[in-house]
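To start, the structure under review is shown below, and the notes come after it.
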Amino acid sequence: MANGNSLLSIEHVSKEFYGNVVLHDVSFDLREGEILGLVGENGAGKTTLMRILFGMPVIAETGGFQGSIKIEGNEMHFSSPFDALDAGLGMVHQEFSLISGFTTTENIVLNRESMRPSLLNDVFGDRMSVLQRDKMRERAKNAIGKLGVDLDPDMLISEMPVGHKQFTEIAREIDREKTKILILDEPTAVLTESEAEVLLTTLRRLASEGIAIIFISHRLQEVLEVADRIVVLRDGLVVKDIANKGIYTRDIASWMVGRSIAEAGQRTEQRSFGGVSLSANHLWVDMPGETVRDVSFEVHKGEIFGIGGLAGQGKLGIPNGIMGLFPAGGEIVLNGQTVPLNAPAKALAMGMAFVSEDRRGVGLLLDESLEWNIAFTAMQVHRQYLKKMLGGLFSQRDEKSMEALCKEYIELLDIKCTGTKQKAKELSGGNQQKICLAKAFAMRPTLMFVSEPTRGIDVGAKKLVLDTLHHYNRDFGTTIVMVSSELEELRSICDRIAIVDEGRIAGILPPTADISEFGLLMSGAALEEAVNA
């Protein structure tokens with residue numbers, strides 16, 4: 001529980017970023033042992049504020065900021081994240097910063113390895129010290145133990161489910177002896193409900209030991225469960241700084257967006273469909289952490305087909321395998337034609353599109369403009385947005401049509417940017433996700449895979465994205481296969497929902513099915529009941 005001592009003070013902080021004023025006169029305090037929930041729509045300024053707080057180089061490179069950051073009353077000037085770490089700040093970023101070829105232990109103790117001097121130290125200095133691997137492993141196990149999760153200290157990051165990667169990031173910050181302020185940016189976005197509950201319990205325990213926590217999340221119910229106080233940012237301004245007493249998710253949502261937000265309900269209408277658009281027969285996919293063992297299902301033309309399940313059970317492997325990003329086998333048929341597996345270009349050419357859950361690694365050309373990002377795949381695969389020169393001897397980019405396309409999607413998806421020429425890396429995470437969706441929509445696919453479409457997206461933008469998927473499904477007849485960790489999200493938009501467990505389809509239910517039925521399928525209990533019947 002927080003005490004009266006102010007550990008961190010953010011005073012009158014303002015920041016202009018790539019022509020946009022993203023923070024304006026932001027002030028609030030954080031006390032010892034307090035959990036502060038920081039919420040706001042994408043583009044509200046949360047990530048920029050944390051970059052300032054953590055001394056990220058991008059802030060200095062773009063002109064610095066106005067205002068001051070004080071820790072225990074002393075004004076701090078961080079020139080790099082290392083300065084912030086030395087001052088006792090720890091941060092878990094929305095995008096992972098792990099080394100995939102290293103083990104859990106090696107990532108947790110990175111740059112703080114336990115060393116012992118060797119005989120050569122006197123001659124060559126500290127660089128000849130020897131790693132104390134047993135001590136490093138013990139430190140990692142202690143940090144993991146504080147989280148209350150079952151992480152293998154010797155597993156490679158590349159072989160982990162995505163949820164375990166998140167816990168590894170948090171364990172790394174817990175291992176730092178100096179940490180007194182912990183900043184978590186969307187820590188539960190990739191976690192299952194049970195994993196998220198474990199994390200919230202861990203945060204309460206850390207706070208009871210005096211660590212102050214800034215918890216940034218779009219999962220408003222989790223913010224209400226764990227936060228002592230809630231600060232709401234809207235358009236770079238603090239619009240609410242309030243103790244967490246008698247507050248509901250709708251209250252926070254309305255403060256965030258400046259209007260009342262209705263809760264999304266499950267789909268109740270019954271629709272009829274034509275023939276089969278996509279069929280998967282005995283599909284297997286070798287995707288680390290998301291292995292698909294034997295999956296068969298059919299998707300009808302014009303349907304929105306949902307795929308859910310716990311992290312690491314294989315749901316993400318299905319679209320990644322069909323679209324050729326990981327080794328796969330079995331048979332996939334699209335509109336009567338066999339889809340060649342392990343060949344992404346052929347899958348795209350047949351009329352499919354894919355919005356990956358890994359928007360930075362797979363979805364975006366980070367150093368290119370927004371218009372280039374949105375038009376690129378359609379240009380490469382379908383030769384769109386090109387104009388023929390010299391009677392067709394060669395082609396050149398049609399800059400005007402690319403710009404018009406980009407403007408169309410900026411308006412449709414409410415993408416917060418300075419213009420079509422802005423680089424993708426300069427957008428907030430949620431707006432980057434919208435660019436990935438726009439790129440897929442620009443393909444005008446007959447069937448579109450959308451994987452975790454609202455991961456890291458705020459409550460207002462989430463509704464907009466789901467409405468856009470609904471719009472393309474209804475008005476253009478696009479068949480959609482949507483993979484999501486958010487069961488309620490699937491129930492709000494899908495016609496049928498398949499639950500994946502241990503690399504297989506545990507069952508397919510309508511969205512109107514009781515929530516307990518989905519829970520049984522996810523836990524494997526339904527399969528056990530069938531076996532024991």
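Any value given below was found using the heavy atoms of this structure, including those in side chains, with hydrogens, waters and symmetry copies removed. Just so you know, residue 1 is the first one in the sequence shown, and it goes up from there.
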Interatomic distance, CG@Leu466 vs OG@Ser484, rounded to 0.5 Å, equals 8.5 Å

For this session: Any chance you could lay out the side-chain contact (heavy atoms from CB on, under 4.5 Å) test for Leu521 and Asp501, step after step, and finish with the verdict?
Result: CA-CA 7 Å; Leu521 293 178; Asp501 181 58; over 6 Å; no

So do the side chains of Leu316 and Glu452 get within less than 4.5 Å of each other, counting heavy atoms only?
yes

When Arg51, Glu16, Lys15 are each screened for side chain to side chain donor-acceptor pair (under 3.5 Å) with Thr62, the one that passes is Lys15

Next on the checklist: Whether the side chain of Glu169 engages the backbone of Pro187 through a donor-acceptor N/O pair (distance < 3.5 Å, no angle test) should be reported.
Outcome noted: no

Practice item. May I ask you to test the Glu222-Leu200 pair for a side-chain heavy-atom distance under 4.5 Å? Key: yes

_Worked verdict on Arg219 versus Glu225 for salt bridge (charged side-chain N to carboxylate O under 4.0 Å, His left out)_ = CA-CA 10 Å; Arg219 293 183 174 180; Glu225 284 180 35; over 6 Å; no

In this structure, CG of Leu413 is separated from OG1 of Thr468 (nearest 0.5 Å) by 5.0 Å

Notebook entry, point to check: Taking the side chain from Lys434 and the backbone from Asp414, do they hold a donor-acceptor pair closer than 3.5 Å?
Noted result: yes

In short, Asn107 meets Ile157 closest at the heavy-atom pair ND2-CG1, 3.1 Å

### Asn431 (side chain) donor-acceptor with Lys416 (main chain) under 3.5 angstrom
yes

task: Using modelled atom types only, decide if a donor and an acceptor are shared between the side chain of Glu34 and the backbone of Leu30 within a distance under 3.5 Å.
output: no

- Message: With side-chain contact (heavy atoms from CB on, under 4.5 Å) as the criterion, how do Ile230 and Leu36 come out once you've worked through the C-alpha distance, each side chain's angles and the decisive distance to 0.1 Å?
- Response: CA-CA 6 Å; Ile230 296 169; Leu36 185 144; over 6 Å; no

### Query
Between Gln432 (side chain) and Ala424 (backbone), is there a donor-acceptor pair under 3.5 Å?
yes

Should Lys135 and Glu138 be marked as a salt bridge (charged side-chain N to carboxylate O under 4.0 Å, His left out) after you check the CA-CA gap, both sets of side-chain angles, and the distance that decides it?
CA-CA 5 Å; Lys135 191 171 181 181; Glu138 193 61 32; over 6 Å; no

Donor-acceptor contact present, side-chain Thr48 to main-chain Gly45, <3.5 Å = no

Ionic contact status for Lys46 with Asp185, cut-off 4.0 Å: no

Nearest heavy-atom approach of Gly308 to Leu490 is CA-CD1, 3.8 Å

Heavy-atom closest pair (Leu224 atom, Tyr248 atom, distance to 0.1 Å) is CD1-C, 3.8 Å

Leu365 backbone acceptor or donor facing Asn373 side chain under 3.5 Å:
yes

Discussion item. Does any part of the side chain of Arg491, heavy atoms only, come nearer than 4.5 Å to the side chain of Ile497, both counted from C-beta?
Written reply: yes

Just by distance, do the side chain of Glu290 and the backbone of Lys315 share a donor-acceptor pair under 3.5 Å?
yes

- Message: Checking Arg137 against Asp154 for the salt bridge (charged side-chain N to carboxylate O under 4.0 Å, His left out) test, could you report, in this order, the C-alpha distance in whole Å, the side-chain angles of both residues, the deciding distance, and whether it holds?
- Response: CA-CA 8 Å; Arg137 193 174 188 277; Asp154 303 314; 2.8 Å; yes

So NZ of Lys245 and CZ of Arg229: to nearest 0.5 Å the spacing works out to 12.5 Å

Going by atom types alone, do Thr249 and Gln221 pair a side-chain donor with an acceptor below 3.5 Å?
-> no

Is the shortest heavy-atom distance from the side chain of Ile216 to the side chain of Leu184 under 4.5 Å? no

Check whether any side-chain heavy atom of Val231 sits under 4.5 Å from a side-chain heavy atom of Lys240, and report yes or no. no

Q) Is there side-chain contact between Met50 and Ile214, with at least one heavy-atom pair below 4.5 Å? A) yes

Backbone N/O of Lys423 and side chain of Asp367: donor-acceptor pair under 3.5 Å:
no

Going by atom types alone, do Gln66 and Asp25 pair a side-chain donor with an acceptor below 3.5 Å? no

Looking only at heavy atoms, the pair that brings Leu437 and Leu469 closest together is CD2-CD2, 4.4 Å

Taken to the nearest 0.5 Å, the spacing of Phe167 CZ from Leu151 CG works out to 7.5 Å

Correct closest heavy-atom pair for Asn244 and Val223 would be ND2-O, 4.0 Å

How about Val450 and Phe354: do any of their side-chain heavy atoms sit closer than 4.5 Å?
no

| message | For Thr105 and Lys141, which I'm curious about, is there any donor-acceptor pair between the side chains at under 3.5 Å? | response | no

Distance col, row Trp255:CH2 vs Asp251:CG, nearest 0.5 angstrom, shows 5.0 Å

Quick one: are Thr179 and Leu89 in side-chain contact, heavy atoms under 4.5 Å? no

**Report entry** side-chain contact (heavy atoms from CB on, under 4.5 Å) between Val481 and Ile318, worked out
**Finding:** CA-CA 10 Å; Val481 178; Ile318 293 172; over 6 Å; no

Separation between CG (Asp152) and OG1 (Thr103), nearest 0.5 Å, reads 9.0 Å

Task: Over 12 non-hydrogen atoms of neighbours within 6.0 angstrom of CG in Asp134 - done: no

| said: Run the side-chain contact (heavy atoms from CB on, under 4.5 Å) test on Ser14 and Val26 for me, step by step, so that the C-alpha distance in whole Å, both residues' side-chain angles and the decisive distance to 0.1 Å come before the verdict. | reply: CA-CA 7 Å; Ser14 298; Val26 170; over 6 Å; no

- request: State whether Lys463 and Glu489 are salt-bridged, where the test is any N-O pair (Lys NZ or Arg NE/NH1/NH2 against Asp/Glu carboxylate O) under 4.0 Å.
  value: no

Query raised in the report: Would you say the side-chain atoms of Ser6 pair up with the backbone N or O of Asp29, donor to acceptor, closer than 3.5 Å?
Result: no

Side chains of Ser27 and Glu11: any donor to acceptor distance under 3.5 Å?
no

Here the pair of heavy atoms bringing Ile304 nearest to Ile493 is CD1-O, 3.6 Å

Q: Please report the C-alpha distance between Glu32 and Lys180 in whole Å, then the side-chain angles of each, then the deciding distance to 0.1 Å, and finally whether the salt bridge (charged side-chain N to carboxylate O under 4.0 Å, His left out) criterion is met.
A: CA-CA 8 Å; Glu32 291 178 19; Lys180 49 193 173 186; over 6 Å; no

